[in-house]
Student: 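Take this structure first; my questions come after.
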Amino acid sequence: MIFNPEFSAQQQHTTSPIVTGGSVIALAYKGGVVVGVDTLCSYGSMADFKNVEKIAQVSKNTIYVSSGEFSDFQQVVRELAKIDRSALQYDDGVHPSPRDYGNYLARLSYKRRCKINPLYLQNVIAGFHNGERYLGLVDIYGTYLESNFVTTGFASYFCKAIISNYWNDNCTLDQAKQVIRECFKVLFCRDCRAHDVIQLAYVDEQGAHLEQPERVETKWDFSGFKNRANEKLHTQ
Amino acid sequence: MNYTDILASKFEPETTGTTIMAVIYDGGLIIGADSRTSSGQFVADRCADKIDYIHDRIFCLRSGSAADTQIIAKHVRYYVDAHAQELGRLPAVATAANLFRNFLYEYKDSLSAAIIVAGWDPYKGPQIFTLPLGGSVIEQKWSIGGSGSTFIWGFCDSNYKDNMTFQEARAFVLHAVAHAMFRDGSSGGIIRLLNVTKDKIEREFIDYKDVPVK
């Protein structure tokens with residue numbers, strides 16, 4: 001085959017996403033970490049896939065969720081699954097810890113950032129290892145942060161205030177879940193790309209537990225909303 | 001690049017990315033709309049009323065730039081009011097449609113506005129006029145508009161019938177708007193319905209929990 005330099009020079013760089021997942025919110029609680037995400041993948045402004053389970057369990061005690069381009073999320077899940085398998089080759093019984101996954105993802109994201117062909121994702125890795133909680137955030141550039149609470153997307157604008165006021169890192173699992181549900185109610189009201197069906201998952205010393213999707217209740221029947229009709233505002 | 005260009009490029013105008021609909025039935029017409037006003041990805045108003053009063057039996061449904069459509073509706077409301085005072089009787093729906101058309105046509109290069117004018121008058125009964133982007137005026141028996149309308153053309157084309165009863169038309173509008181809100185990220189919230197007949201105007205508020213498709 002004749003080598004054509006014009007074809008090999010052409011390379012795609014994806015800098016705008018097509019199918020996107022929404023905000024992710026994760027909180028540490030006394031005994032573990034809980035993560036919440038909605039079940040929607042949007043195609044631009046269209047709510048195309050409404051029943052997507054977006055929480056990936058990459059090992060016994062680590063879960064991975066992200067917002068952004070969904071195909072990149074699925075590719076990363078494949079990459080992260082390889083780590084545990086290839087660690088078997090050492091035959092020493094040592095499994096990668098949640099921090100190892102976070103670090104690997106940060107390096108992978110940074111490498112792609114340097115090639116101006118990023119993994120279009122804001123990633124959250126949550127886990128529990130050796131009696132310690134782990135919660136990490138890796139963004140589109142490969143910036144790596146560990147924290148007791150992380151948010152991605154629109155949740156970073158709306159939900160940090162709710163989290164600061166109603167959560168502390170010693171709360172119970174149910175309290176942390178309730179804070180996450182409240183955050184998703186606000187997101188459903190104020191984010192065009194949000195859905196009111198969410199999925200929660202938590203990791204504690206027993207390992208990862210993924211729950212069934214649930215719908216959050218939002219209130220719309222305020223009298224101010226009902227009586228807002230323009231016919232009364234003749235001077236508008 | 002000066003400051004105004006930089007600021008303008010970061011600021012997404014507030015639009016009624018929306019679903020609006022009007023249907024004539026045997027005896028009147030039904031208007032339906034969602035309640036979401038979006039500014040890019042942000043929901044600026046989650047309980048908006050997109051059914052604007054023009055006259056006692058004339059209403060308009062707005063889509064496109066919220067600023068453009070609000071001010072045009074305000075002008076048309078004033079002109080129709082003055083005209084009706086002089087006329088001494090109910091104005092024709094076509095009059096209101098024509099006044100909207102004058103704005104949308106003359107300023108077509110500067111405006112982003114598409115309007116549905118719907119109402120009842122004693123001369124021709126219930127009428128719907130669709131005014132798309134360029135300023136044309138097209139009379140129809142039923143009309144859908146806004147970004148959400150793209151998702152329900154199939155549903156509406158299959159389910160519309162001439163001379164429906166009030167109940168059939170109400171169910172048609174309710175389900176169509178609900179289906180559009182189900183798929184369009186720029187539409188959502190609650191559904192507002194309005195029934196326009198010779199004798200009365202009836203508003204209905206459909207709470208989110210009663211929306212048939214979620």
Side-chain angles (χ1 to χ4, degrees), chain A residues 17-23 38-51 67-68 152-159 184-198 213-236, chain B residues 12 15 17 33 35-56 59-62 70-71 73-74 77-78 81 147-148 150-151 180-194 196 201-211 213-214:
Chain A
I18 314 280
V19 176
T20 53
S23 306
D38 67 17
T39 59
L40 173 66
C41 280
S42 302
Y43 183 71
S45 70
M46 177 185 170
D48 205 345
F49 309 105
K50 302 191 81 153
N51 238 326
S67 60
T152 70
F154 252 52
S156 301
Y157 295 95
F158 292 122
C159 302
F184 276 104
K185 288 183 193 183
V186 171
L187 280 177
F188 178 62
C189 288
R190 290 298 173 182
D191 181 6
C192 289
R193 311 281 177 261
H195 188 34
D196 59 348
V197 178
I198 65 168
E214 56 182 272
R215 190 182 288 272
V216 291
E217 293 297 317
T218 43
K219 184 172 162 69
W220 297 84
D221 56 353
F222 297 102
S223 66
F225 286 8
K226 290 190 194 184
N227 298 333
R228 193 183 157 164
N230 279 337
E231 68 198 8
K232 294 191 167 52
L233 303 169
H234 289 189
T235 52
Q236 190 194 16
Chain B
E12 280 222 43
T15 65
S35 68
R36 177 173 287 186
T37 304
S38 50
S39 193
Q41 202 174 318
F42 173 61
V43 178
D45 189 348
R46 67 171 168 124
C47 62
D49 182 8
K50 301 179 189 180
I51 306 173
D52 266 18
Y53 170 92
I54 299 296
H55 199 75
D56 290 345
F59 292 83
C60 75
L61 293 160
R62 306 180 284 108
Q70 278 174 13
I71 199 64
K74 198 171 187 172
R77 188 177 300 124
Y78 164 69
D81 180 43
S147 55
T150 55
F151 300 98
M181 284 161 52
F182 186 69
R183 288 293 180 186
D184 183 22
S186 311
S187 302
I190 53 97
I191 299 179
R192 294 194 196 271
L193 295 178
L194 183 70
V196 183
I201 307 283
E202 274 172 335
R203 272 199 182 259
E204 209 184 331
F205 174 92
I206 311 293
D207 192 5
Y208 178 71
K209 61 176 168 33
D210 301 321
V211 169
V213 187
K214 287 203 275 282

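Chain naming here is simple, since letters A, B, ... match the order of the sequence lines and numbering starts at 1 in each. Heavy-atom basis, side chains included; hydrogens, waters and symmetry copies ignored.
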Student: Show, in sequence, the C-alpha distance, side-chain angles and deciding distance for Tyr208(B) and Phe225(A), and conclude whether the ring-ring contact (aromatic ring centres under 6.0 Å, His included) test is met.
Tutor: CA-CA 12 Å; Tyr208(B) 178 71; Phe225(A) 286 8; over 10 Å; no
Student: Could you tell me which of Cys192(A), Ser45(A), Ala47(A) has the largest number of non-hydrogen atom pairs under 4.5 Å with chain B?
Tutor: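 Top count of heavy-atom pairs under 4.5 Å with chain B: Cys192(A).
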Student: For Arg46(B), does its backbone N or O pair with a side-chain atom of Ser35(B) as donor and acceptor, under 3.5 Å?
Tutor: yes
Student: Non-hydrogen atoms of chain B under 4.5 Å away: do they reach the side chain of Phe222(A), the backbone, both or neither?
Tutor: side chain
Student: So what's closer than 4.5 Å to chain A heavy atoms on Asp184(B): side chain, backbone, both or neither?
Tutor: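 Both backbone and side chain.
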Student: Would you find a donor on one side and an acceptor on the other, under 3.5 Å apart, between the side chain of Arg36(B) and the backbone of Ile190(B)?
Tutor: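 No: the side chain of Arg36(B) does not pair with the backbone of Ile190(B).
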Student: Centre of Phe182(B)'s six-membered ring, under 6.0 Å away, within 45 degrees of the axis: is that where NZ or CZ of Lys214(B) sits?
Tutor: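 The answer is no; the distance or angle limit is not met.
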Student: Below 4.5 Å, heavy-atom pairs only: which of Arg215(A), Lys219(A), Glu217(A) has the largest tally toward chain B?
Tutor: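 It is Arg215(A).
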Student: Could you tell me which portion of Asp45(B) (side chain, backbone, both or neither) has an atom closer than 4.5 angstrom to a non-hydrogen atom of chain A?
Tutor: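 Both parts, heavy atoms under 4.5 Å.
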Student: Which residues pass the ring pair (Phe, Tyr, Trp, His ring centres under 6.0 Å) test with Phe158(A), not counting sequence neighbours?
Tutor: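 Applying ring pair (Phe, Tyr, Trp, His ring centres under 6.0 Å) to Phe158(A) gives Phe154(A), Phe42(B).
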